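The structure under discussion appears below in the form of structure tokens.
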Amino acid sequence: MEKQYNLIATAAAGIEALVGKELRDLGIDCQVENGRARFKGNLETIATANLWLRTADRVKIIVGEFDAYTFDELFEKVKAIPWEDVLPLDAEFPVAGRSIKSKLYSVPDCQAITKKAIVERLREVYHRPARVPLAETGALFQLEVALLKDHVVLTLDTTGPSLFKRGYRLEKGGAPLKENMAAALVMLTNWRKDRPFYDPVCGSGTLCIEAALIGHNIAPGFNRGFACEDWEWFDPQVFEKVRAAADEAADYDIVLDIAGSDINGRMVEIAQANAEEIGLGDSIQFKQRAVKDFKTEKDYGVIVANPPYGERLGEEEQVRVLYKEMGEVFRPLKTWSKYILTSDLAFEEFYGAKATKKRKLYNGAIRTDLFQYWGERPPRKPRNDAE
């Protein structure tokens, strides 16, 4: 029987449900909790989740889980875990930590005690004398000891650099949207690949590129490697198989109507270069244009925008002029749906209309709202009874 692991996919606050939906769409049953989704699976499940999750941050193996109220208890319970099953003798295993509402509130102490307990366990198993430090010259196994209300979860990160690092961003603008957050915004809309998609303040092109990846059904992790690929016990054929299946699943032939523009010509050049880096240069039309100059004859499109928030002194007024222009240009587009992410709670006042719905999201540490303006639905196509 192939080994099964307890796994978690971590996510930014507010988008855990999307991670859960993505896992279920991949055929993986899961439970959604604050900041994460829990699931079970084998090595192929780990590879699939890393390759395909668009909105998650990391995929981690839960190595151990228990309650601990004293440092002695933490030490003994960590030491009791069969670390030799995941850590070879030469493993490099730094221990990160966090503690919330727990008796063991000193994070450095929790980290040090966890590390010491693992070292002792490995010394005993691998018969290494106490006076000789473990080499830690091999592959990286990033561990974390996380305490919440005295409940300890010990995890091993399979991902490496966060999943938002897709590998296509050559350059970015001043306040870039992380790729997994951009994917989440696209997935929170009613956009489908047969409709027009437009970002009027595209910056380095991330929203358009993520929409194109979704439209072509390209796995977001296709162009990068993962930490677990360096582990001797992780069969390399697993990733070969999952990547081959992802290549097969991609629809490179579909013609998408995705466009982005920005008032800054340099940003448009960066957006184009980023799209070309991932092979989507022909799937997206980028051009230099001010929001107020946007016109379209198309129907039933979707606008997704992450405009500047005016966080810095003196910028607020400028940004609110932009919100007003957005309202003047976008409000008349009755069949289009518009989704605008900003931390400015007075956005509706300047846009000139109340949102159909608002959704609270965190863009990094910034609390933002996604202001949603739903367009008219396209008429239903008449059924052909002869079909």
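Any value given below was found using the heavy atoms of this structure, including those in side chains, with hydrogens, waters and symmetry copies removed. Numbers here simply count residues along the sequence, with the first being 1. Model, not experiment: these values are computed from the prediction.
Between L177 and L185 there is a side-chain heavy-atom pair separated by less than 4.5 Å. Contact of the L74 side chain with the D109 side chain is not registered, since no non-hydrogen atoms from C-beta on lie closer than 4.5 Å. For the pair V291 and L322, the minimum side-chain heavy-atom distance is below 4.5 Å. Proximity of T158 to F226: side-chain heavy atoms (C-beta onward) are nowhere separated by under 4.5 Å. With contacts defined as side-chain heavy-atom distances shorter than 4.5 Å, the pair R38/N6 does not qualify. Using a 4.5 Å heavy-atom threshold, the side chains of D253 and D251 count as touching. Side-chain contact between L122 and L89 is absent, with no heavy-atom pair separated by less than 4.5 Å. Between C110 and R98, every side-chain heavy-atom pair lies at or beyond the 4.5 Å cut-off.
Taken together through direct or relayed side-chain contacts under 4.5 Å among Ile, Leu, Val, Met, Phe, Trp and Tyr, V238 and L23 form part of one hydrophobic cluster. Linking ILVMFWY side-chain heavy atoms closer than 4.5 Å, directly or via other members, places L156 and F39 in a single hydrophobic cluster. By the rule that hydrophobic residues join a cluster once side-chain heavy atoms approach within less than 4.5 Å of another member, V95 and L154 end up as members of one cluster. Residue F294 is not grouped with residue W191 when hydrophobic side chains (ILVMFWY) are merged at heavy-atom distances under 4.5 angstrom, including chains of intermediate members. The hydrophobic clustering, which links ILVMFWY residues whose side-chain heavy atoms are closer than 4.5 Å, places I258 and Y339 together.
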For side chain to side chain contact (heavy atoms under 4.5 Å, CB included), just list the numbers for E348 and F371, CA-CA rounded to whole Å, side-chain angles, deciding distance to a tenth of an Å, and then say yes or no.
CA-CA 8 Å; E348 291 159 307; F371 292 89; 3.7 Å; yes

Which is it for M187 and K21 under the side chain to side chain contact (heavy atoms under 4.5 Å, CB included) test, yes or no, and what are the steps along the way?
CA-CA 10 Å; M187 290 163 74; K21 183 183 183 309; 5.9 Å; no

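In this structure, the side chain of S102 engages the main chain of I100 through a donor-acceptor pair within 3.5 Å. Using modelled atom types, no side-chain atom of Y126 and backbone atom of L134 make a donor-acceptor pair closer than 3.5 Å. Using modelled atom types, one side-chain atom of R123 and one backbone atom of A130 make a donor-acceptor pair closer than 3.5 Å. A donor-acceptor pair is defined here as one N or O able to donate and one able to accept, closer than 3.5 Å; no such pair exists between the side chain of Y362 and the backbone of I15. Formation of a donor-acceptor pair under 3.5 Å by the S337 side chain with backbone atoms of W374 is not found in this model. In this structure a side-chain-to-backbone donor-acceptor pair under 3.5 Å is present from K77 to D67. At distances below 3.5 Å, not a single donor-acceptor pair connects side-chain atoms of W83 with backbone N or O atoms of V63. Not a single donor-acceptor pair under 3.5 Å links the side chain of T368 to the backbone N or O of S343. With R320 contributing its side chain and F350 its backbone, the two residues share no donor-acceptor pair below 3.5 Å. Checking side-chain atoms of N274 against main-chain N and O of E171 turns up a donor-acceptor pair under 3.5 Å.
Summarising the geometry, atom NZ belonging to K116 is positioned 5.5 Å from atom CZ belonging to F75; distances are rounded to the nearest 0.5 Å. Put simply, CD on E276 and CD1 on I284 are 10.0 Å apart, with the number rounded to the nearest 0.5 Å. We find the OH-CG distance between Y300 and D194 to be 12.5 Å, quoted to the nearest 0.5 Å. In this structure, CG in L147 is found 7.5 Å from OG1 in T114, a value given to the nearest 0.5 Å. Separating the CG atom in L18 from the CZ atom in R54 is a distance of 12.0 Å, to the nearest 0.5 Å. Atom CD1 of I254 and atom OG of S283 lie 9.5 Å apart (nearest 0.5 Å).
A salt bridge links D257 and K298; the closest N-O separation between the charged side-chain nitrogens and carboxylate oxygens is under 4.0 Å. Taking a cutoff of 4.0 Å between a charged side-chain nitrogen and a carboxylate oxygen, R243 and D247 do not qualify as a salt bridge. With salt bridges taken as basic N to acidic carboxylate O contacts below 4.0 Å, none links R58 and E144.
Partners of E44 under the salt bridge (Lys or Arg N to Asp or Glu O under 4.0 Å) rule, at least two apart in sequence or in another chain, are K241.
P220 and L51 get closest at one heavy-atom pair: CD-O, 3.3 Å. Heavy atoms only, all atoms of each residue included: V304 and V302 are closest at CG2-CG1, 3.8 Å. Looking at every heavy atom in both residues, C228 comes nearest to F234 through O-CB, 3.2 Å. Taking all atoms of both residues into account, the shortest heavy-atom contact from A12 to D57 is N-OD2, 3.6 Å. Residue L104 comes nearest to A68 through the heavy atom pair CD1-O, 4.1 Å, listed as atom of the first residue, atom of the second, then distance. For E33 against E16, the heavy-atom pair with the smallest separation is O-CG, 3.4 Å.
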Ignoring hydrogens and angles, write down the donor-acceptor pairs under 3.5 Å from the side chains of residues 323-333, residues two or more places apart or on other chains.
unit_1 : atom_1 : unit_2 : atom_2 : d
Y323   : OH     : P308   : O      : 3.0
Y323   : OH     : T342   : OG1    : 2.8
K324   : NZ     : E328   : OE2    : 3.2
R331   : NH1    : Y351   : O      : 2.4

Exercise answer: donor-acceptor pairs, residues 197-214 side-chain atoms, under 3.5 Å, sequence neighbours excluded:
unit_1 : atom_1 : unit_2 : atom_2 : d
Y198   : OH     : S261   : OG     : 2.4
Y198   : OH     : R289   : NH2    : 3.3
D199   : OD1    : V201   : N      : 3.0
T206   : OG1    : R169   : NH2    : 2.8
E210   : OE1    : R166   : NH2    : 3.0
E210   : OE2    : R166   : NE     : 3.1
E210   : OE2    : Y168   : OH     : 2.7

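Counted within 6.0 Å of NZ on K79, heavy atoms from surrounding residues, nucleotides or ligands total more than 12; the atom is thus considered enclosed. At most 12 heavy atoms of other shown residues, nucleotides or ligands fall within 6.0 angstrom of atom OH in Y105. Within a 6.0 Å radius of CG in D25, other residues, nucleotides and ligands contribute more than 12 heavy atoms.
Geometrically, K115 engages F93 in a cation-pi contact defined by less than 6.0 Å to the ring centre and at most 45° from the axis.
Partner of L341 under the side-chain contact (heavy atoms from CB on, under 4.5 Å) criterion, out of D369, L188, L361, I366: L361 alone. Between T155 and the choices T10, I62, I61, V145, the side-chain contact (heavy atoms from CB on, under 4.5 Å) rule is met once, by I62.
A side-chain donor from one of T159 and N50 sits under 3.5 Å from a side-chain acceptor of the other.
Between W233 and W231, the ring planes are tilted. Angles from 30° to 60° get that label.
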